[in-house]
Structures are given as C-alpha cells and as structure tokens.
Amino acid sequence: LVILPALNEAGNIGKTVRRIRQAAPDVDVLVINDGSVDETTAEAQTAGAIVLQMPYNVGIGAAVQTGFKYAALHEYQCVVRNDGDGQHAAGDIGHLVTTLQETDVDVVIGSRFLGDGDYGTPPMRLLGISVLKLLLRSITHQPITDPTSGFAAFNRRAIRFFAQAYPHDYPEPEAIVLMHRSGLKMCEIPVTFLPREHGTSSFTAPTRSIYYMVKVTLAILINL
C-alpha cells in the first residue's frame, strides 16, 4: 500500500497517483485527504486511488497515522509513505520495497542526500536539517542523512507500531526517535527528489524553516 497524505494538492495528486500506478502497477494507492478545500478527492479518485476523507485538517501526523491504521486493518505486509505533491520519484518505490525485503530492517528511508536526488534545498532548511542530523545521531548512534524525508517503506511490524503511535505536527524526525526507542531497525538508501510542479512548500520562507527546526528539536528533547 502506498499512502499519500494530501492537503489542497489538486494540481499534483492526479499525476502523482498515475505515476505510482505506472511504476508499481501491483500496489494499492491510498490518498488521505486532510481537509482540502479544492478538488484533491476528485482528482485522486479519477486517477484510481482509494481516498479517505478527513473531516477537517488534522495535520500531517494524524493523516499519515490514518494510513497506517488502514494498512493494519486490511493486513498489508508493506507500506510506502509518499507525498501528494509529486516530489518523490515513483520509480524509487521498487528500490525501497526491495531493500526492505532483502535486509533485516523494519523501515527503509529514502534519502535525497545520499545520491544526486536533491535538486536544491533552501540554505535555511539545510541548516535545520544539519542540526537535526547531529541531534538524531547522538540519540540513535546511527548516521541519519535525511531526517525530514517523507519517503519510506515499512514492514508489517512497523505498520502495526505506527498504527498505534505516530508523532503529530512535523513527524518524521520524531518518528526516527520512536523507531530507535522501540527497537525497530532502519536504514537509508538514495532516492530522487523532484521539483514541485504546482503550489509551494510550507517551508519556503526562512522564518518557517527556523520555526520548524526549533519546534521539532524541542519536541525530541522533551520526549527523551
């Protein structure tokens, strides 16, 4: 199951779903529409996705956890977490799943910084990512090159865990800490990160990147 949280992604979601279905025709695609006020649901359904409609904007963490709950309920053996904005190359899904199947890890994270996949992360966000990398390495004793990656594959054990406990707000760095504390094994592989075709990222503004870095750092430290 490929899960795609989406908020007002009508311009991207249809193309994203079609690319995934073309690259991985045997997967099911689940779009969690997180309170969009545009045509996200219609575009996703037209492209062939299953759509869960949240009653209002619950936030990225709760939307992703909804996908894990759906996967656990329907007994999927593998989940790929993707984004509805089309910035993760659909062709990398197979690499994530194959790595998950051929290793003893529970989660495979796609990193834009291991290969040539980063098309140009803003400097302030790079600074925040660098701080998070140092913090997470000190906690997990494992090098993490892309702590904010929203592109990853999860086995059945990880699906059941995250269906019960998943961080809200900005969840990816906190999820890494949760995996470490729960004994879930993880690794990273290179993936391609593509430019957004429609809309803008919520982390474009420098002040937003600083706010994110401070908030997620405090959240991690408080929960240690």
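Just so you know, these numbers come straight off a predicted model, no measurement behind them.
Nearest heavy atom pair, residue Leu136 against residue Pro173, reads CD2-O, 3.8 Å.
Taken from CG in Asp146 to CD in Glu188, the straight-line distance is 6.5 Å, to the nearest 0.5 Å.
Each of Val58 and Leu7 belongs to its own hydrophobic cluster when Ile, Leu, Val, Met, Phe, Trp and Tyr are linked at side-chain heavy-atom distances under 4.5 angstrom. Hydrophobic clustering keeps Leu73 apart from Met54 (ILVMFWY residues linked when any side-chain heavy atoms are closer than 4.5 Å, directly or through intermediates). Cluster annotation: Ile189 and Val80 are assigned to the same hydrophobic cluster (Ile/Leu/Val/Met/Phe/Trp/Tyr, side-chain heavy-atom contacts under 4.5 Å, transitive). By the rule that hydrophobic residues join a cluster once side-chain heavy atoms approach within less than 4.5 Å of another member, Ile220 and Leu134 end up as members of separate clusters.
Ring geometry, Tyr166 versus Phe68: the interplanar angle falls from 30° to 60°, so the pair is classed tilted. Taking the six-membered ring where tryptophan is involved, the planes of His74 and Tyr70 are tilted, since the angle between them lies from 30° to 60°.
Side-chain contact check for Gln65 versus Lys69: some heavy-atom pair is nearer than 4.5 Å.
With hydrogens and angles ignored, the 3.5 Å screen pairs no side-chain donor or acceptor of Asp85 with any backbone N or O of Glu9. Between the Gln142 side chain and the Met186 main chain, a donor and an acceptor come within less than 3.5 Å of each other. No donor-acceptor pair closer than 3.5 Å links the side chain of Glu43 to the backbone N or O of Thr41.
Evaluated for a side chain to side chain contact (heavy atoms under 4.5 Å, CB included) with Asn82, the options Ile20, Val31, Ile3, Leu96 yield exactly one hit, Ile20.
Residue Arg156 qualifies as enclosed at atom CZ: its count of foreign heavy atoms under 6.0 Å is above 12. No more than 12 heavy-atom neighbours from other residues, nucleotides or ligands sit within 6.0 angstrom of NZ on Lys185. Within a 6.0 Å radius of CZ in Arg157, more than 12 heavy atoms belonging to other residues, nucleotides or ligands are found.
Residues forming a side chain to side chain contact (heavy atoms under 4.5 Å, CB included) with Ala152 (at least two apart in sequence, or on another chain): Val107, Ile109, Phe154. Under the salt bridge (Lys or Arg N to Asp or Glu O under 4.0 Å) criterion, Asp83 pairs with Arg81, not counting sequence neighbours.
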